[in-house]
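Input: a single structure, listed below in structure tokens.
Side chains are part of it too, since the values below use all heavy atoms of this structure and drop only hydrogens, waters and symmetry mates. In what follows, chains are A, B, ... by sequence order, proteins preceding strands, each numbered from 1.
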Amino acid sequence: MFQGVFYMKPRISQLLQQSPGSEIVVAEGWVRTKRESKTVCFFELNDGSTLKGLQVVVDVETFGQPELLLRITTGAAIACTGKLVSSIGGNQEVELKADSIELFGEAPVDTYPLQKKRHTLEYLREIAHLRARTNTIGAVTRVRNVLSFAIHEFFQQKGFMYVHTPIISASDAEGAGEQFTVTTLDLANVPKTKNGSVDFSKDFFGKQTKLTVSGQLEGETYALAMKNIYTFGPTFRAENSNTKRHLAEFWMIEPEMAFCNLEENMAVAEEFLKFLFKRVLQRCDEDMRFFSQWVEKGVQDVLLKVIETPFVHMTYTDALVELEKANATFDYPVHWGSDLQTEHERFLTEQVCNGPVIVTDYPKEIKAFYMKLNDDDKTVRAMDVLVPRLGEIIGGSERESRLDVLERRMRALALNPEDYWWFLDLRRFGSAPHAGFGLGFERVVQYVTGMQNIRDVIPYPRAVKQADF
RNA sequence: UCCCCUGUAGCUCAGUCGGUAGAGCAGGUGGCUGUUAACCACCCUGUCGGCGGUUCAAGUCCGUCCGGGGGAGCCA
């Protein structure tokens, strides 16, 4: 079974699936809790491979070494050697009857921050370097891992190319939000030009550079060569936003497809989300039952229902009809042309549709310049996928592939076409209809797990005034 | 950035009308022939976020700063 040079000892997840036997096995991990009586002592051992750990049983009298047992406390790293036996207790099939235990690292009870009791997520954020050792964050970590892999599975099996768009961007205006500047200039002694502004020609790249807020524009260039591509990488926004669904550094998935219109774009988005949900239900059953019970009641059933139900399609104009009926209940009443607030999006997906809904064809004034203009000259081929509890989870569009229309739109928004010369070249040479969307990875993890705060679904959250660890 | 809430034992919280603090859990000791949120008994634990003010007296009232949470905006 293990043929590589590096011999992998079995993980606890594998041991838990084995039958009792006379073979000697070794289990390595961290002690979650210890229970002891006069003659018998139990450790629950966890190595991150599963939610529920392996019960290790020690016969106190035959084991001897009472001082060793005393030093093994919650948090200690140990390796236990013995046989897998069927368990007398009712909560597990097998357990490890330890003949010997090696203690690698103690976790002194008076200083170890994790106790064998439930902690709040807020407290765990303060000890983010240790929180992966908890049930909740461990489960999040496994789900996040499965989702990451599923993203590649979905696109790879559909023949999409994984493209790495740049993290450092020299584009003057990507237009998706405030950006972080990347510089090696001495901030205590910034070089200035004659008119007093910062002289970026002295900077590392010879011009001002920033961290990317989106790989879309570069993604489009590769879609118009490889046909179907996707990006999956870190994204940075310097917005001063302080909410439970925003981060300054987050991961984003951005597929881009040539010879593709908005209808096909919507179909891909729907199939993609459903694929991710299916994979998690298949491969993280134990963790998902945990989330369903303790974090968001019934979240498994919600995902199952989403998988089975076709997404509702609705134009912005039709959505407005629904919203205006209920205008009295809103803090911000809507009219045609106004942007949808969080309360409106949630009303549509939770009250009107009772499930995911894709809203399309928004007024051009409230959407980005690169979206394809409709024949009515008033709306663009944009789409937002809205889901209950979270609101917008995907934003996308068919792109404007007509050079003259795109240039006109840019001028109307006071953008300089020369700054986008390479982006416009795509429309000059071999232009084709194309479309794509962006999906915030952490928001998917949030939706799937039911975790309320986005800072708990990424290992080390970066947000306003927060860059610890 | 704006609005609201909040900061008390290691953790989660209570603390009335202003009179120098209390519970659960965690931890310790003892008990228990197999526990699994272990159980039973006893025990230990405090710069009440910082600074300033009002008062005979402040955890409590006022000001201010800092931290945390929720909502809004912006978005993914």
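- Put simply, NE2 on A:H246 is 14 Å from P on B:G70, counting in whole angstrom units.
- A:Q216 is listed as a side-chain neighbour of A:Y370, based on a closest heavy-atom distance under 4.5 Å.
- Ring orientation note: the planes of A:H344 and A:F330 are nearly perpendicular, at an angle over 60° on the 30°/60° scale.
- The CG atom of A:L386 sits 14 Å away from the P atom of B:C75 (whole-angstrom rounding).
- Taking atom NZ of residue A:K34 and atom P of nucleotide B:A37, one finds them 18 Å apart after rounding to whole Å.
- The environment of A:K378 atom NZ is sparse: at most 12 non-hydrogen atoms of other residues, nucleotides or ligands sit within 6.0 angstrom.
- For B:G50 and B:C42, the P atoms lie 34 Å apart once the distance is rounded to whole Å.
- Within 6.0 Å of atom CZ in A:R118, 12 or fewer heavy atoms from other residues, nucleotides or ligands are found, so the atom counts as exposed in its surroundings.
- Separation of the P atoms belonging to B:C4 and B:G59 is 26 Å when rounded to the nearest angstrom.
- A:Y162 has its ring centre less than 6.0 Å from the ring centre of A:H164.
- Checking each of A:T74, A:N135, A:L45, A:T134 against A:R32 for a side chain to side chain contact (heavy atoms under 4.5 Å, CB included) leaves exactly one that passes, namely A:N135.
- The residue A:R125 sits close only to the backbone: its heavy atoms come under 4.0 Å of sugar-phosphate atoms, none of a base.
- Spacing between atom CZ of A:F437 and atom P of B:C75 amounts to 19 Å, rounded to whole angstrom units.
- Whole-Å rounding puts the A:L124 CG to B:U12 C1' distance at 12 Å.
- Both A:L340 and A:K244 lie close to RNA chain B; mapped to their nearest nucleotides by heavy-atom distance, the more 5′-ward contact belongs to A:K244.
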Scan nucleotides 33-35 of chain B against the protein and return all N/O pairs shorter than 3.5 Å with their distances rounded to 0.1 Å.
from, atom 1, to, atom 2, distance (Å)
B:U33, O4', A:T39, OG1, 3.4
B:G34, OP1, A:S37, OG, 3.2
B:G34, N1, A:E95, OE2, 2.8
B:G34, N2, A:E95, OE1, 2.7
B:G34, N2, A:E95, OE2, 2.8
B:U35, O2', A:R35, NE, 3.4
B:U35, O2, A:R35, NE, 2.8
B:U35, O2, A:R35, NH2, 3.3
B:U35, O2, A:Q55, OE1, 3.3
B:U35, N3, A:Q55, OE1, 2.9
B:U35, N3, A:Q55, NE2, 2.9
B:U35, O4, A:Q55, NE2, 2.7
B:U35, O4, A:Q92, NE2, 3.3

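- In this model, the phosphate group of B:A72 is not approached by any side-chain N or O of A:Q341 to a distance below 4.0 Å at OP1 or OP2.
- In this entry the distance linking CG of A:L114 with P of B:G27 reads 12 Å, nearest Å.
- Using a 4.0 Å heavy-atom distance criterion, A:T243 is classed as a base contact.
- Per the geometry, CD belonging to A:E122 stands 7 Å off P belonging to B:G70, to the nearest Å.
- Rounding to the nearest 0.5 Å gives a distance of 7.5 Å between CD of A:Q14 and CD of A:Q18.
- Applying the 6.0 Å contact sphere to NZ of A:K83 captures no more than 12 heavy atoms from other residues, nucleotides or ligands.
- By the neighbour-count criterion of 12 heavy atoms within 6.0 Å, atom CD of A:E263 is densely surrounded, having more than that number from other residues, nucleotides or ligands.
- Atoms CD1 (A:I127) and C1' (B:G68) sit 15 Å apart, rounded to a whole Å.
- Within 4.0 Å of A:L247, counting heavy atoms only, lies at least one base atom of the nucleic acid.
- Pairing analysis of RNA chain B (Watson-Crick: purine N1 to pyrimidine N3 plus N6-O4 or O6-N4; G-U wobble: N1-O2 and O6-N3; both under 3.5 Å) yields stems of 3 or more pairs at B:1-7 with B:66-72, B:10-13 with B:22-25, B:27-31 with B:39-43, B:49-53 with B:61-65.
- Mapping A:Q466 and A:R346 onto RNA chain B by nearest heavy atom places A:Q466 closer to the 5' end of the strand.
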Dump the pairs, protein N or O against N or O of nucleotides 3-11 of chain B, anything under 3.5 Å, distances to one decimal.
from, atom 1, to, atom 2, distance (Å)
B:G10, O2', A:Q115, NE2, 3.4
B:G10, N2, A:Q115, OE1, 2.8
B:G10, N3, A:Q115, NE2, 2.9
B:C11, O2', A:K117, NZ, 3.3
B:C11, O2', A:H119, ND1, 3.4
B:C11, O2, A:K117, NZ, 2.8

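- When each of A:I101, A:T33, A:L96 is paired with A:F43, the side chain to side chain contact (heavy atoms under 4.5 Å, CB included) condition holds for A:I101 and for no other.
- Side-chain contact of A:H434 with A:E398: a donor-acceptor pair under 3.5 Å is absent, judged by distance alone.
- Taking only side-chain nitrogens and oxygens, A:N453 comes nearer than 4.0 Å to OP1 or OP2 of B:G70.
- When the P atom is compared between B:U8 and B:U12, the two are found 8 Å apart, to the nearest whole Å.
- Residues A:M257 and A:F160 have side chains in contact (heavy-atom distance under 4.5 Å, counting atoms from C-beta outward).
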